[in-house]
Each structure stands twice: as C-alpha cells, then as structure tokens.
Amino acid sequence: MKSKVIKLDRLFVVKSILVCLFLLYTLMIIDFTLINDNFGRSISNIFLADSKQVNEYFANKTNIIPFATVKLFINAFKEGSLKPYIVLENIFGNFFVFMPFAFFVPNIFARINSAVKFLLLISLTVIFIEVLQIVFLTGSADIDDFILNVGGAMAAYGILNFSKVKYAINKFLFGERDET
C-alpha cells in the first residue's frame, strides 16, 4: 500500500511541475508571438490602427504562399542584404519554438496519445496564434511559420516517441516504464 501512495505522490508532483513549466512556456510563447516589443510586436496596435495600417499589415505582414518567406530570407542572405543570424533566427527559431509541446502535451494530457491527435492539437494551436497575430496586427501571419512550427513539433514528437527515448523519459519522470 505504501508503494502505491509513493507512486501516486510522485505522479502528482511530477505532473504538477510539468503543468507549471508548460504554463510558463505557454506564457513565453504568447509574449514572443504577440507582445514582445523587441520584435516590434504590440497587441495595442489594434487599438491604434486605422484602415491604412490594417491594409499595410495585410500587404506586408501576411503570407499564404508556402515557403515564400523562407525563400525571401535565403535570397536576401545570398545577396548580402541580410545577416546570417537573422536567417537562422527566423527559420530555425520557427522550427524549434514549438518542439517543447511534443514533450509537455503527451506527458500532461493522457488523451493526446497518438501522432494524429498531436498533429491536430499543434496545428490548431499554431493557427490560433497566427489568427491572433492578424486580429492584433502584430508579428506576421505566415504560412511558413505554420509549416515550420508544426514541422518542428512533429519532428520532436517523432523523436520522443522512439521506444527507447520514451522509456527513458518515463523512467526519469515517473520512475516506471510506460507499457503503451
């Protein structure tokens, strides 16, 4: 009986820590994508914008053509008009930013237990953020962001679900092997 209580206590503590870290991570994503002034973002834009600024946002800060922004960054780098770190920050930053979702979500939410469910959740999450960027006229609403964000999260999900990796994570976090 005592062993079950210890396992339940450990499970509760680990899940609580994971939830707190996930909430912190989520706040960081919200700040980075919607609010952070260092990237020229501010949700107050919606309150200050006139029709000219709205039209300018849609003309200059939205993209629905896959890989157009990636090509733009790469070509600007090749021409020497863009520094390498900006290209790397944009492309790899978008690829890596949602990777932690692949760790947190399956370990916190037991119902998200398949690649299809995870793909649906991460896709809806990224779409929601892109829509919020349009609503608040902040950042850029870009299909390339969606592709890179979801691609990175799915790559991490795949890596974390290799049986030996999954076993090691479960052993470290929960002290037991996941039999699923």
Side-chain angles (χ1 to χ4, degrees), residues 21-109 112 114-162 165:
L21 290 172
F22 183 64
L23 290 173
L24 179 63
Y25 165 73
T26 301
L27 290 173
M28 290 171 52
I29 293 293
I30 291 168
D31 178 57
F32 177 74
T33 58
L34 299 172
I35 301 168
N36 194 319
D37 288 334
N38 294 329
F39 293 99
R41 296 177 172 108
S42 173
I43 59 174
S44 64
N45 290 343
I46 190 66
F47 304 111
L48 306 173
D50 57 24
S51 63
K52 180 182 174 190
Q53 289 168 313
V54 171
N55 290 336
E56 185 177 307
Y57 178 85
F58 279 100
N60 299 320
K61 295 195 174 192
T62 59
N63 170 43
I64 59 170
I65 301 167
F67 302 107
T69 303
V70 171
K71 288 177 190 172
L72 182 72
F73 274 95
I74 291 171
N75 289 336
F77 167 70
K78 286 180 182 176
E79 294 167 2
S81 61
L82 203 58
K83 294 181 181 179
Y85 79 90
I86 294 174
V87 176
L88 293 173
E89 186 178 273
N90 186 277
I91 294 173
F92 290 108
N94 275 309
F95 188 76
F96 290 121
V97 72
F98 280 93
M99 282 184 160
F101 253 64
F103 172 76
F104 286 118
V105 169
N107 285 303
I108 295 172
F109 306 102
I112 308 299
S114 72
V116 172
K117 289 178 182 179
F118 182 76
L119 175 61
L120 181 61
L121 177 67
I122 192 66
S123 295
L124 291 173
T125 301
V126 173
I127 288 169
F128 181 68
I129 290 171
E130 295 296 317
V131 168
L132 286 177
Q133 287 180 323
I134 292 170
V135 168
F136 292 117
L137 303 175
T138 188
S140 62
D142 193 330
I143 189 68
D144 290 358
D145 291 351
F146 174 82
I147 293 167
L148 291 167
N149 293 161
V150 172
M154 290 307 296
Y157 184 86
I159 291 166
L160 293 173
N161 277 286
F162 283 129
V165 174

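As the structure is a computational prediction, the values presented were derived from the model and not from experiment.
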Under the 3.5 angstrom rule, does the side chain of [X] hit a backbone N or O of [Y] as a donor-acceptor pair?
{"X": "E79", "Y": "A76", "answer": "no"}
{"X": "D144", "Y": "T69", "answer": "yes"}
{"X": "D31", "Y": "L27", "answer": "no"}

Margin query: For L148, run the side-chain contact (heavy atoms from CB on, under 4.5 Å) check against D142, V97, N94 and tell me which one passes.
Written below: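 It is N94, the one option of D142, V97, N94 that forms the side-chain contact (heavy atoms from CB on, under 4.5 Å) with L148.
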Next item on the list: Kindly check if the number of other-residue, nucleotide or ligand heavy atoms within 6.0 Å of CZ (F104) is above 12?
Entry: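 For F104, atom CZ is crowded (more than 12 foreign heavy atoms under 6.0 Å).
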Check: Does CD1 in I64 sit with more than 12 non-hydrogen atoms of other residues, nucleotides or ligands closer than 6.0 Å?
Finding: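 Not buried by this count: 12 neighbours or fewer within 6.0 Å.
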State the [atom1]-[atom2] distance between [X] and [Y], to the nearest 0.5 angstrom.
{"X": "T138", "Y": "I35", "atom1": "OG1", "atom2": "CD1", "result": "8.5 Å"}
{"X": "T26", "Y": "L21", "atom1": "OG1", "atom2": "CG", "result": "10.5 Å"}
{"X": "L82", "Y": "I74", "atom1": "CG", "atom2": "CD1", "result": "11.0 Å"}
{"X": "I29", "Y": "T125", "atom1": "CD1", "atom2": "OG1", "result": "10.5 Å"}

Next item on the list: Measure the shortest side-chain to side-chain distance between N63 and S140 over non-hydrogen atoms and say whether it is less than 4.5 angstrom.
Entry: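 The answer is no, as the side chains (C-beta and beyond) never meet within the 4.5 Å cut-off.
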Checklist line | Close side-chain approach of F103 and F22, heavy atoms under 4.5 Å | finding: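 They are not in contact (no side-chain heavy atoms under 4.5 Å apart), so the answer is no.
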Check: Where does the angle between the aromatic ring planes of F98 and Y25 fall among parallel (under 30°), tilted (30 to 60°) and perpendicular (over 60°)?
Finding: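 Answer is perpendicular, since the angle exceeds 60°.
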